Amino acid sequence: MLTHANYLLLVTAAAIALLMLLILRLKLHPALALLISALALGVLSGMPLSQIPASIATGAGNLLGHVALVLGLGAALGHLLASSGGAAAIGQGLVDRVGPRFLPVAMMGMGMLVGLPVFFEVGLVLLMPIVVSVARKSDRSPILSGLPTLAGLSIVHGLIPPHPAAMLAVVQYHADVGKTILLGLAAGLPAALLAGPAYAWFYGRFITAHRLRSRPLPASVPTAPALPTLSDELQPTAAAKVRSPSLFLASLVILILPVGLIFAGSWADAFLAPVGSFAGLNATLHLLGDPPTALLVAVLVALLWLGRLSGWTLDHALRLTGESFVPIAGILLILAAAGGLSRVLGDTGAAQATVEMAQRAHLGPLVLAWLLAATVRLAIGSATVSMAVASGILAPVAASMGLHMGPELLVLATGSGSLFCSHVNDPGFWMVKEFFGMELKETLATWSALETIRSVAGLAGTLVLAAFLK
C-alpha cells in the first residue's frame, strides 16, 4: 500500500526528474526549470493551490535576503581585484616567493586566494597566464602546472565562504560562517592537496609523462570573451601591474580582510563578554563580522587602495563597480528559484519524508547530503544548482538531524558532493579542455579525476571531523 510518505518521495523524485529534463533536454534556463519544478511539486503533493505562490515567494525572499548582498559585494570585490591586476599580482607573487619544491602548493594557494571572491570560470581566466608562465619556466606541461591551481579554485567554490556558492548552503542550513570557514579548511585542504599537487605528481610520473612533456606549450593564452565579468582592459592592466610589490600587498590584505572580519565576529563571544565593559566592542565585532558588512568594508578599502595604486578616476572606479553587478542577475534568479523549491519541499513534508527514508536505509545525514548533491551534479553539471537542490531538500529538517555542529558539516558534505565528477554537461569541463588544449579523454583523466578525488576526499574529511567533534 502506498503511504503518504512514500507518495511524497515519488513526487519529489518526479520533480527532480522534471528539473533535469527541462535543463538537459529542453535547454531551459535553470531558474525557470526550478520554478516549474517547485510548482509541479506543490500541485502533485496536494498543497492548496493558493498557498503555492506564497510558499515560493517566502523561500525566494528568505534566501535572497542573505545571499544577494554577499553575491553582489563579492562580485564587486572580485572585479576590482581583477581590473586592477591585483588578482594576477597575488598569483605571481606567491609563485615568485617559493622554490620549485613547494611550487605546486603555492599554485594551489594561488587558486584558493584568487578564487575566493569570484566564480570558478573567472578565476581560471585570471590565473591562466600565470599557469602558462610557470609551465614555461619549469619545463612542464600546462595541465600539470595547472592541476594544483584548479584544485584551489574548486575547494573555495564548494567549501569556503564567503564564496557565493558556499554561502548558498550556509544560508540554507543556517550555519555559522566563521565555523564553516574553519571546518572547511580542515576538511578541504587535505582534499585539495590530494587532488591537486599529489594527483598532478602521480599523473605526470606514471601515466603520460613523456607525451605531456613533448607537447608544445600554447603560443598564447586563451581568452574567454563570453565571461561578462571581465572588462576589455583587464588583460593589459593585469600584465602592467603584476610585478608591483605594493599591488601584491594591497590585494592580499584586501582579500584576507573580509575573512578576518567574519572570523572576529564569529568568535567574538568567546573572547569578549556580550555584557559589561566589553559589550560595545563585542557588538561592533558582530556588526563588522556579518558577511555583507565584512565584504562592504573590503570593497570600500579596495576602491580607495587599489584605485590609488592603479590611478583610477572616480568615474572609472564607479563604472567598474557597476559593471560587476550585471553578470550576477541570472545567478540571483537561480538562487531565488532554488529558495522557492526548498520552501515547497519543506511545506509539503517532502523534505522530512526524504530524510526518514535515508534513516530507514541507515544513511547518515552527511552521506545523504553528499549523495543528493553528487547525483544532481552528474545529471545537470552545475555545481551551484546541485548545491541549491541538495540543500533545499535537507534544509527544512537540518536542525532535527542530531549532528553536533550539524549545519556547518552539512555545508561541507553538500559542497563536496556538488563538485563530484565534472564531465561533458558542465561548462567548466569544456573551459578547462580548451584552455589547456587537451583531448576529451585527457580532460576526463585530469580535470574530471581531480574533481572526483576532491569530492570523495572532502566527504571523508567531513566524516572524520564529525567523528572527532562528537
Side-chain angles (χ1 to χ4, degrees), residues 1-26 28 30 32-49 51-56 58-60 62-63 168-169 172-174 337-382 385-403 406-407 409-411 413-418 420 459:
M1 181 176 177
L2 185 64
T3 64
H4 181 64
N6 289 335
Y7 175 72
L8 287 177
L9 289 174
L10 289 176
V11 170
T12 302
I16 294 175
L18 175 63
L19 173 67
M20 295 176 181
L21 175 68
L22 292 173
I23 294 176
L24 295 176
R25 303 291 294 181
L26 301 183
L28 211 59
L32 299 178
L34 284 163
L35 284 174
I36 292 172
S37 299
L39 288 169
L41 175 63
V43 172
L44 293 175
S45 65
M47 192 176 184
L49 298 183
Q51 293 182 14
I52 296 176
S55 182
I56 293 174
T58 300
N62 289 343
L63 183 59
L168 165 64
Q172 289 277 59
Y173 292 129
H174 302 288
L341 176 61
S342 173
R343 182 71 182 208
V344 173
L345 283 163
D347 289 347
T348 59
Q352 182 65 44
T354 302
V355 173
E356 290 174 354
M357 177 201 68
Q359 290 173 342
R360 291 194 298 269
H362 303 290
L363 279 178
L366 298 179
V367 175
L368 175 61
W370 185 89
L371 281 174
L372 286 172
T375 300
V376 179
R377 164 72 156 179
L378 282 171
I380 292 179
S382 168
V385 173
S386 63
M387 191 178 295
V389 172
S391 61
I393 292 173
L394 294 178
V397 291
S400 62
M401 290 184 175
L403 280 172
L409 294 173
L410 282 170
V411 171
T414 307
S416 294
S418 74
F420 183 74
L459 173 63

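Below, each value reflects all heavy atoms present in this structure, side chains not excepted, and no hydrogens, waters or symmetry copies. Keep in mind that this is a model prediction, so the values were computed, not measured.
With sequence neighbours left out, Arg377 forms a salt bridge (Lys or Arg N to Asp or Glu O under 4.0 Å) with Asp426, Glu451.
Annotation for Ser45 and Leu8: closest pair CB-CD2, 3.8 Å, computed over non-hydrogen atoms. Between Ala373 and Ser386, the closest heavy-atom pair is O-CB, 3.4 Å. Nearest heavy-atom pair, Leu372 versus Ala390, reported as atom, atom and distance to 0.1 Å: CB-CB, 3.9 Å. Closest of all the heavy-atom pairs between Leu41 and Ala15 is CB-CB, 4.1 Å. Leu410 and Pro365 make their closest contact through CD2-O, 3.8 Å (heavy atoms, listed as atom of the first residue, atom of the second, distance). Counting all heavy atoms, side chain and backbone alike, Pro30 lies closest to Val385 at CB-CG2, 4.2 Å.
Formation of a donor-acceptor pair under 3.5 Å by the Thr348 side chain with backbone atoms of Val344 is found in this model. Looking at Ser55, its side chain never comes within 3.5 Å of a backbone N or O of Ile52 through a donor-acceptor pair. Judged purely by atom type and a 3.5 angstrom limit, Ser342 has no side-chain atom pairing as donor or acceptor with the backbone of Ala338. Put simply, the side chain of Thr414 never gets that close to the backbone of Val411: no donor and acceptor are under 3.5 Å apart.
The shortest side-chain heavy-atom distance between Trp370 and Leu366 does not fall under the 4.5 Å cut-off. The closest side-chain heavy-atom distance from Arg343 to Asn62 is below 4.5 Å. A 4.5 Å side-chain heavy-atom check between Leu28 and Ile36 finds at least one atom pair inside the cut-off. Annotation: side chain of Tyr173 is in contact with side chain of Leu394 (closest heavy-atom distance under 4.5 Å).
Annotation: the span from His4 atom NE2 to Leu9 atom CG amounts to 10.0 Å, rounded to 0.5 Å. With rounding to the nearest 0.5 angstrom, the CD atom of Gln172 is 11.0 Å from the CD1 atom of Ile393. Atom CG of Leu35 sits about 6.0 Å away from atom CD1 of Ile56, to the nearest 0.5 Å. Leu18 contributes atom CG, which lies 10.5 Å from atom CG of Leu34 (distance to the nearest 0.5 angstrom). With values rounded to the nearest 0.5 angstrom, Asp347 atom CG is found 8.0 Å from Gln51 atom CD.
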Checking Leu32 against Leu22 for the side-chain contact (heavy atoms from CB on, under 4.5 Å) test, could you report, in this order, the C-alpha distance in whole Å, the side-chain angles of both residues, the deciding distance, and whether it holds? CA-CA 9 Å; Leu32 299 178; Leu22 292 173; over 6 Å; no
